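What you see is a predicted model; the values in this text were computed from it and never measured.
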Amino acid sequence: MNSEAGGMDPVFKALADPTRRLLLDRLREQNGQTLRELCERLDMARQSATQHLDVLVGAGLVTVVRRGRERLHYLNPAPLHEIEQRWISEFDRPRLQALGAIKSQAEEYAMTSDSTTVPTYVYVTYIRATAEQVWRALTDADLTARFWGHANISDWQPGSSWEHRRSDGSGVVDGVGRVLVAEPPTRLAITFEGPSGTGSPGEASVVTFLVEPHHDIVRLTVTHENLPDEEALSSISQGWPAVVANLKSLLETGDVLPQVPWEMSGTHA
């Protein structure tokens, strides 16, 4: 059996169970739930819910983010996005209309309504690279220009400013912000706002990159918090998978994807 195809086995096995699909549906309706909240919504014993969540986490369909003593569960679109790219995107667009729910589940999240302190978007992927290589790709202006179409320019010290400048030679700046946390090579947190940068610190959205090494690979988790509205959430839910896919390709193959990935989704993070 092809090893690449076999690597999707845990995803399909996880999705084969109706209870696990129901858990994913509940997370799609309200992302970032605790185990207690999921059990209450499903009238399920904690032990049963934990077993099903462990399977979903193992398949990469759910990721867990710690906030203090709580463990918050988020739907991770990366495996479903890979399925869409591998087996679906080759067909004509009209044929995809019947499968639109797959793309929606893979790329869109529901915002939590009761708190602005939890991440409103979480995306997880695994990259065959070192933590140092991922950190350099995120902070080196020349490398970000290659996989993002923008040079991210800063000295990357906490409190410093940064710019998201187009790499087409126009010099146009599409985003600015401040470096909140810089802990090379594992954690980078920045504010992200429009080019005017006139909003107060509390109004800017916050992007955090968490790089966790494990032998020859790393797990990269991108969280995007404090989004202003559902339109912004929808936009970055399509943009981040495209940007991260290009980053992953660059680090694993030495080159970006042959076509610009965000042109397929019509958005750009």
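Arg165 places no side-chain N or O within donor-acceptor distance of the main-chain N or O of Val173, the cut-off being under 3.5 Å. Judged by distance alone, the side chain of Thr191 and the main-chain N or O of Arg178 form a donor-acceptor pair under 3.5 Å. Under a 3.5 Å cut-off, the side chain of Ser234 and the backbone N or O of Glu231 do not form any donor-acceptor pair. Distance alone, capped at 3.5 Å, is enough to place a donor-acceptor pair between the Asn76 side chain and the Gly60 backbone. Under the 3.5 Å distance criterion, the side-chain polar atoms of Ser167 are matched with a main-chain donor or acceptor of Gly149. No donor-acceptor pair closer than 3.5 Å links the side chain of Arg71 to the backbone N or O of Thr34.
Summarising the geometry of Cys39 relative to Ala49, their closest heavy-atom pair is SG-CB, 3.7 Å, with the distance given to 0.1 Å. Closest approach of Pro241 to Gln238, counting heavy atoms only: CD-O, 3.5 Å. Across all non-hydrogen atoms, the minimal contact from Ala14 to Val55 is CB-CG1, 3.9 Å. Here the closest heavy-atom approach between residue His73 and residue Leu27 is recorded as O-CD2, 3.4 Å. Summarising the geometry of Pro184 relative to Trp135, their closest heavy-atom pair is CB-CE2, 3.5 Å, with the distance given to 0.1 Å. When every heavy atom of Thr125 is checked against every heavy atom of Tyr123, the shortest pair comes out as CB-CE2, 4.2 Å.
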### Pair Thr208-Arg187, side-chain contact (heavy atoms from CB on, under 4.5 Å): steps then yes or no
CA-CA 7 Å; Thr208 302; Arg187 189 164 181 256; 4.1 Å; yes

### Message
Under the criterion side-chain contact (heavy atoms from CB on, under 4.5 Å), I'd like the reasoning laid out for Leu15 against Leu24: C-alpha separation, chi angles, the key distance, then a yes or no.
### Response
CA-CA 9 Å; Leu15 293 172; Leu24 292 176; 3.6 Å; yes

### Query
Where do His164 and Phe192 land on the side-chain contact (heavy atoms from CB on, under 4.5 Å) test, with the steps shown first?
CA-CA 9 Å; His164 194 54; Phe192 201 134; 3.9 Å; yes

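Of the inter-residue distances, the one linking Tyr74 atom OH with Thr221 atom OG1 reads 12.0 Å to the nearest 0.5 angstrom. Atoms CH2 and CG, on Trp148 and Leu138 in that order, are 7.5 Å from each other to the nearest 0.5 Å. The CG atom of Leu75 sits 7.5 Å away from the CG atom of Leu61 when rounded to the nearest 0.5 Å. Interatomic distance, CZ of Arg136 versus OG1 of Thr144, reported as 11.0 Å (0.5 Å rounding). Within the model, atoms CD of Gln47 and CG of Leu35 stand 11.0 Å from one another, a figure rounded to the nearest 0.5 Å. A distance of 11.0 Å separates CZ of Arg21 from CG of Leu56, quoted to the nearest 0.5 Å.
A single hydrophobic cluster is not seen to contain both Leu257 and Val134; linkage of ILVMFWY side chains at heavy-atom distances under 4.5 Å, directly or through other members, places them apart. Hydrophobic clustering of Ile, Leu, Val, Met, Phe, Trp and Tyr side chains at less than 4.5 Å, counting indirect connections, keeps Val176 apart from Val172. There is no path of hydrophobic side-chain contacts, each under 4.5 Å, that joins Trp162 to Ile153. In the hydrophobic cluster analysis, where Ile, Leu, Val, Met, Phe, Trp and Tyr join through side-chain heavy atoms closer than 4.5 angstrom, Ile236 is grouped together with Val260.
Proximity of Val222 to Tyr121: side-chain heavy atoms (C-beta onward) are nowhere separated by under 4.5 Å. Contact of the Leu247 side chain with the Val243 side chain is not registered, since no non-hydrogen atoms from C-beta on lie closer than 4.5 Å.
Heavy-atom contacts from other residues, nucleotides or ligands closer than 6.0 Å to CG of Asp155 number more than 12. For Arg26, the CZ atom counts as densely surrounded, since its 6.0 Å shell holds more than 12 non-hydrogen atoms of other residues, nucleotides or ligands.
Using a cutoff of 4.0 Å between basic side-chain nitrogens and carboxylate oxygens, Glu252 and Arg128 are not scored as salt-bridged. Salt-bridge check for Glu40 with Arg36: passed, with a basic side-chain N closer than 4.0 Å to an acidic carboxylate O. Using a 4.0 Å cut-off between a side-chain N of Lys or Arg and a carboxylate O of Asp or Glu, Arg166 and Asp174 qualify as a salt bridge.
A side-chain contact (heavy atoms from CB on, under 4.5 Å) with Val122 is found for exactly one of Val64, Thr63, Leu210, Asn31, namely Thr63.
Taking the six-membered ring for Trp and thresholds of 30 and 60 degrees, Trp240 and His224 have ring planes more than 60 degrees apart, a perpendicular arrangement.
Between the side chains of Thr253 and Asp255, not a single donor N or O lies within less than 3.5 Å of an accepting N or O.
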